[in-house]
Amino acid sequence: MTPAELAALIASSLRALQSAGALPAGELPSDVVVERPKNREHGDWATNVAMQASSQLGLKPREFAELLAPELQKADGIAKVEIAGPGFINITLSAGAAGEIARIILDAGESFGLGDSLKGQNLNLEFVSANPTGPIHIGGTRWAAVGDSLARVLQSQGAKVTREYYFNDHGAQIDRFARSLLAAARGQEAPEDGYSGAYIDQIAKQVLAETAQDVLSLAEEQAQEVFRASGVELMFAEIRQSLHDFGVDFDVFFHENSLYESGAVEKAIARLRDLGHMYELDGALWLRTTEFGDDRDRVVLKSDGEAAYIAGDLAYYLDKRGRGFDRCIYMLGADHHGYVQRMMAMCAAFGDEPNVNLEIMIGQLVNLVRDGQPVRMSKRAGTVVTMEDLVEIVGVDAARYALVRSSINSMLDIDLALLEKRTNDNPVFYVQYAHARTKQVANNAASLGVDRSEFDPALLSHPSEEELLAKLTELPRVVAQAAEFREPHRVARYLEEVAGAYHRWYDQCRVTPMSGAAAETIHRSRLWLNDAAGVVLRNGLSLLGVSAPERM
RNA sequence: GCGUUUGUAGCUCAACGGAUAGAGCAUCUGACUACGGAUCAGAAGGUUGGGGGUUCGAGUCCCUCCAAGCGCACCA
């Protein structure tokens, strides 16, 4: 008996009571919440449905509960139903009903935790999208970890997900990048508004090496164009490689420049003009975003005839929708949160529904600190931490886990001193060790003749077993919630709880018999639980893009 | 000034509007010649930034004040 099954049972009982006239007509809650009570004396599972729904039906919570409780009592697998406090319904399962989950998990294997709550949705998830003017730093690394994990979580719920990277290879920043490369190749100082650093010199050198002609003798503009074209290409390749090494592979790398070359920008503008949302003023072309909630209108074509940045966004969004995506999810850093309103306005201007067809997630930035003191990212001071740096210091698993275990709404502090110490205080090791332990236990069991030839769930009755079973049961709900709220960190937090429950169980319940003793049913039954825990840990880690090692 | 995110244990962070606010790290005390001690048990640590409000119930929702991050271009 799982909480999901209990919730279904409660929902159907309520409908039955209503149709029998025992319960007044009225709207029932669409989602019945069944939770593990914090206090063990409150039973195995509890629901607050009576408090949620009673007022709709004109009843007091306890009256509502009095009607529902006897119905639940009748079901198989339920030993006791009690009403407590303001109207909580506390449910205690009968012996063995909880232990069955071990069998369910092992039968499901890799598919345990999957759901269909997003079935049929075609999602575009855009993340990282860092400018190709330098390596990905720690901020972008956060979005790589979170975005990829979110993609996995969404896919686990049946959604079709396209991971997309918007490559800003058009505009003034790229020009600055090209000028910087050219200057470096000539051995000159970086331009005032340009980029500098070892990577600039390195790429400049590569461009020189790869170009057959004598670039430096070309006219200024042509030389710059050469550096632009191949510099961007090299940077792009490097970024792509870093991401790949980080375990993040995109389905689509979309080049901003292509929108201009294909005429998509002009088409998008024409479309908005036809819809009557454009006007001209002071020689510029404006989009009337204020009509859709923005605080000021936005220039799309500047008075000098050049396209403003938003022009690309218009065309890009239209392109995504044209490729059949129901929802376009953008993950942006907090330094871009000012764009949300205009993007939503743009969405509405096209006749789409903001927050449905276009979804924008704003993630807070990563701060670098050293011994508690903030450190400014500065190339000169050598405090720029790139994705590659981070991976080199702590490894992919630890880096991804550390970045994905917090809500994106919270600003994250990364302590350089802690990183340099390479300490093992990352909870990822706690979780991975639990998984490795399940494997070692299974190996020991096999060598001592303990197998899964028999299973008596009622024997899994030790308090630590009940806790572990209850925890394992929750994976599907946790993953579904993580997908619904776009919060993959929930999976990580959950795994830490599973690992804790597993370690405590390991400490108190032996799978293998003591030396000299014979293997009994209880040992075999516990092996089922041990293996089930391993499946949950492995499936969960996989959603985070973190490995589940068999030994550490 | 306006917008936005955040404020929870010494530190880093959790907690679909639910019962006694939780983990990890750090600190202190323990763990049997028993499946790996990267573990476990226990202690200590909190007026959830302050103040109002909404309701059966608020860390969570609303208002306000304080503090911090990030934005407020015909830049990208």
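Hydrogens, waters and symmetry mates play no part in the numbers below; they use all other heavy atoms, side chains included. Source: prediction; values computed, not measured. The sequence lines fix the lettering, A, B, ..., with proteins before strands; numbering per chain opens at 1.
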Quick check: does any side chain N or O of H255(A) sit under 3.5 Å from a backbone N or O of N257(A), one acting as donor and the other as acceptor?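 It does not hold such a pair.
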
Base versus backbone protein contacts along nucleotides 43-48 of chain B [heavy-atom cut-off under 4.0 Å; B, S, -]: ------

Per-nucleotide protein contact string for nucleotides 17-27 of chain B, where B marks a base within reach and S marks sugar-phosphate only (heavy atoms under 4.0 Å, - for neither): -BBB---SS--

Which part of the nucleic acid, if any, lies within contact of [X], taking any heavy atom under 4.0 Å across all strands shown: a base, the sugar-phosphate backbone alone, or nothing?
{"X": "R477(A)", "result": "nothing"}
{"X": "S55(A)", "result": "nothing"}
{"X": "S303(A)", "result": "base"}
{"X": "R551(A)", "result": "base"}
{"X": "A284(A)", "result": "base"}
{"X": "I174(A)", "result": "nothing"}
{"X": "D282(A)", "result": "base"}
{"X": "Q481(A)", "result": "sugar-phosphate"}

Please compare V441(A) and L281(A) by the position of their nearest nucleotide in RNA chain B and report the one closer to 5'.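 With V441(A) and L281(A) compared, the 5'-side residue is V441(A).
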
Is there a donor-acceptor contact under 3.5 Å linking the side chains of N168(A) and Q173(A)? no

With distance as the sole criterion, is a donor-acceptor pair present between the side chains of Y316(A) and E164(A) under 3.5 Å?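 There is such a pair (donor and acceptor under 3.5 Å, judged by atom type) between the side chains of Y316(A) and E164(A).
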
Counting heavy atoms from C-beta on, name the nucleotide in U39(B), G36(B), A38(B) closest to the side chain of H503(A). U39(B)

Could you work out which one of A38(B), U6(B), A15(B) sits closest to the side chain of M411(A)?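 Minimum distance to the M411(A) side chain belongs to U6(B).
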
If I pick the P atom on G71(B) and the same atom on G17(B), what distance separates them, to the nearest angstrom? 30 Å

Could you tell me if R437(A) sits above the aromatic ring of Y506(A), with its cationic atom closer than 6.0 Å to the ring centre and no more than 45 degrees from the axis? yes

